[in-house]
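All chains are named by letter (A, B, ...) in the order of the sequence lines, taking the proteins before the strands, and each is independently numbered beginning at 1.
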Number of protein chains: 2
Amino acid sequence: MLNDRSLAVSQECANCPIKHRAVCARCDGNELERLEEIKYYRKFEAGQTVIWSGDRMDFVGSVVSGIASLTQTMEDGRTQMVGLLLPSDFVGRPGRGTAAYDVVATTDLVMCCFRKTPFEDLMSKTPHIAQRLLEMTLDELDAAREWMLVLGRKTAREKIASLLSIIARRNATSGGTGFKNTVVFDLPLTREAMADYLGLTLETVSRQISALKRDGVIELEGKRHVTIPDMYRLLEEAGDDADGGVFA
Amino acid sequence: MLNDRSLAVSQECANCPIKHRAVCARCDGNELERLEEIKYYRKFEAGQTVIWSGDRMDFVGSVVSGIASLTQTMEDGRTQMVGLLLPSDFVGRPGRGTAAYDVVATTDLVMCCFRKTPFEDLMSKTPHIAQRLLEMTLDELDAAREWMLVLGRKTAREKIASLLSIIARRNATSGGTGFKNTVVFDLPLTREAMADYLGLTLETVSRQISALKRDGVIELEGKRHVTIPDMYRLLEEAGDDADGGVFA
DNA sequence: ACCGCGTATTGATCTGGGTCAAAGTACTGC
DNA sequence: GCAGTACTTTGACCCAGATCAATACGCGGT
């Protein structure tokens, strides 16, 4: 378990602030120091809301560990997840004072935050930070567009397979024995969260997961522990051209 | 009609390069001059492909006039539009040499392009450009997330209403007589393009447009000329909380 | 005026995924 | 061990939107 001590030193924060270790390789020590000055950590438990859409937002930050989701809700209660925040992902928009989405901790969550105004000051003085942020935002935009294809054109089964492969790619805890296409991980999302991600109902998610299990595309131990015996098979099910390259 | 002469002077290019007039208000004359040096225009006819996904992309640029679309296609031919590029929108990702999406001119199109390498050089030396680009990218990301809600959770009727209100917001040619919620514009998309945008079939698009017409939400002259007698009514149909503010 | 072709509308029918309902599973706390 | 709660699975039925098919509209070319 994480405790405050383990976070006291920035070394512990491998996934931290816009990857500032990477940034700072190109910067002078002052910038690192100034980032450290305005940095603080926040922890949340699974299910807790980090911030509500419309609230004042006086920080930006990145996910250190755990998973958070960005969701949008219509007045009648329909909700759509519009961002899945994994470790190292950035939260908050420099230049905007109000949260545009609900941010909810999907698992226990640690975030590394920076007070917004000093961060923006620093950013305007440190081109590398703005450039790094631009790269990250462009990556997010690509992810969002990939997701749009999933939402707009894929079947329920393909949607589930797509989500599993995304999580597998970023969350795998084991590549199996030797050179093999096996991937093992724990699902960090409830069926309902998966449904919100994919624009489905939780019943459909459950049914399709059962179907993929029945067909041998995935194996389940309990509700959450997933084994993908053949990653290429999964990618095929997702409707992605399986790239050709080795994904590991 | 636009001709080469009308484009020769950068004044004509009101919607131009990452709004460089705005950037340059904060820059010295050198940067403007260097942007001008690497700038050139390209014209396309409706239906022409600007670039295919996977092609080498040696430029970045922005839309001056006309409309282009970013689309993704699966091997079996299903396609999803993932970006609708209106005048002033930016195309291309600094730092990536290959196009990730098909870019197609939906109407006759003029783009203002910059050769990629010099543009990147300039960008690394001119913080304001990177910052401006970051803002634009964040705006696009917001638009993409809005769109995800549309794709994932809205009904066909709501999807059409959402698309019409987006186009009305950015493309309106007339605000009607005096203070009124009337908006008039020409649809720049075929039914098929609208379907690709919304994750529907063109038949469903056609049916829903007919239904909105029958219910008095919109009026049509020919297939393309649209009148929205009451913009608030349309926003309501789109399932958006009608903001409260005057949209004009 | 007629043809051809791309675009749009409309109808008839089918189906994937939504909705409603009922169990099943796995925890936590007593 | 038992009750309570949150999550998941499974079944039965239904409907919004897809699919297949026919027709209509508009426009440039001869």
Side-chain angles (χ1 to χ4, degrees), chain A residues 45-48 74 76-80 104-108 150-164 186-215 218-226 237 239, chain B residues 45-48 74 76-80 104-107 150-164 186-215 218 220-226 237 239:
Chain A
E45 291 173 17
Q48 256 189 296
M74 296 172 66
D76 62 8
R78 281 176 281 177
T79 76
Q80 174 65 50
V104 180
T106 290
T107 63
D108 288 351
V150 172
L151 287 171
R153 293 298 182 195
K154 292 194 178 180
T155 65
R157 173 184 260 244
E158 289 169 334
K159 284 179 175 183
I160 298 289
S162 298
L163 175 55
L164 290 177
D186 281 305
L187 255 185
L189 301 175
T190 64
R191 300 290 183 260
E192 191 183 18
M194 296 175 72
D196 283 345
Y197 186 103
L198 297 169
L200 298 169
T201 60
L202 65 91
E203 293 94 328
T204 299
V205 170
S206 181
R207 272 186 252 273
Q208 296 300 333
I209 287 181
S210 299
L212 288 174
K213 189 169 68 176
R214 173 171 37 71
D215 299 345
I218 62 173
E219 289 156 22
L220 279 184
E221 238 170 304
K223 308 292 179 196
R224 297 299 190 86
H225 192 74
V226 182
E237 290 284 351
Chain B
E45 289 172 19
Q48 255 191 297
M74 297 172 65
D76 62 6
R78 282 177 280 177
T79 76
Q80 174 65 52
V104 180
T106 292
T107 64
V150 171
L151 287 171
R153 294 299 184 194
K154 291 194 178 178
T155 64
R157 174 184 260 245
E158 289 169 335
K159 284 178 174 182
I160 298 289
S162 298
L163 175 56
L164 290 176
D186 281 304
L187 255 185
L189 302 176
T190 64
R191 301 291 183 257
E192 189 182 21
M194 296 175 72
D196 283 344
Y197 185 103
L198 297 169
L200 298 169
T201 59
L202 65 88
E203 293 94 329
T204 299
V205 169
S206 181
R207 271 185 251 275
Q208 294 302 331
I209 287 181
S210 298
L212 288 173
K213 189 168 71 175
R214 174 171 35 71
D215 299 346
I218 63 174
L220 279 184
E221 239 170 306
K223 309 291 179 194
R224 299 299 192 85
H225 192 73
V226 181
E237 290 283 352

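The nearest whole Å value for the distance from the CD1 atom in Ile160(B) to the P atom in dA16(D) is 16 Å. Per the geometry, CG belonging to Leu151(B) stands 13 Å off P belonging to dG17(D), to the nearest Å. Computed from coordinates, the Glu192(B) CD to dA8(C) C1' distance equals 12 Å when rounded to whole Å. Rounding to whole angstrom units, CG of residue Leu212(B) and P of dT9(C) are separated by 12 Å. Between Met194(B) atom CE and dT7(C) atom C1' the separation is 14 Å, expressed in whole Å. Between the CG atom of Leu202(A) and the P atom of dA6(D) there is a distance of 15 Å, given to the nearest Å. When rounded to the nearest whole Å, the span between CG of Asp76(B) and C1' of dT19(D) equals 15 Å. Atom CZ in Arg191(B) sits about 19 Å away from atom P in dA24(D), given to the nearest Å.
Asp196(A) places no side-chain N or O within donor-acceptor distance of the main-chain N or O of Gln80(A), the cut-off being under 3.5 Å.
For the helix from dA1(C)-dT30(D) to dC30(C)-dG1(D), the axis fitted to the five pairs at one end and the axis fitted to the five pairs at the other end meet at an angle of 30° (nearest 10 degrees).
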If a protein heavy atom is under 4.0 Å from the base, mark B; if only from the sugar-phosphate, S; if neither, -; do that for nucleotides 15-25 of chain C going 5' to 3'.
--SSBB-----
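Here the CG-OG1 distance, from Leu202(A) to Thr190(A), works out to 8.0 Å after rounding to the nearest 0.5 Å. Rounding to the nearest 0.5 Å places CG of Leu163(B) at 5.5 Å from OH of Tyr197(B). Going from atom OG1 of Thr204(B) over to atom CG of Leu198(B) covers 10.5 Å, rounded to the nearest 0.5 Å. To the nearest 0.5 Å, the span separating CD1 on Ile160(B) from CD1 on Ile209(B) amounts to 5.0 Å.
Between Ser210(B) and dT10(C) there is a side-chain N or O to OP1 or OP2 distance below 4.0 Å.
For Ala211(B), the side chain to side chain contact (heavy atoms under 4.5 Å, CB included) criterion is met by Arg157(B), Gln208(B), Arg214(B), not counting sequence neighbours. Scored by the salt bridge (Lys or Arg N to Asp or Glu O under 4.0 Å) test, Arg78(A) finds Asp76(A), Glu158(B) as partners (sequence neighbours excluded). With sequence neighbours excluded, the residues forming a side chain to side chain contact (heavy atoms under 4.5 Å, CB included) with Glu221(A) are His225(A), listed by chain and number. In terms of the side chain to side chain contact (heavy atoms under 4.5 Å, CB included) criterion, residue partners of Lys223(B) (sequence neighbours excluded) are, by chain and number, Arg191(B).
Across all strands shown, Ser206(B) has heavy atoms under 4.0 Å from base atoms, whether or not it also approaches the sugar-phosphate.
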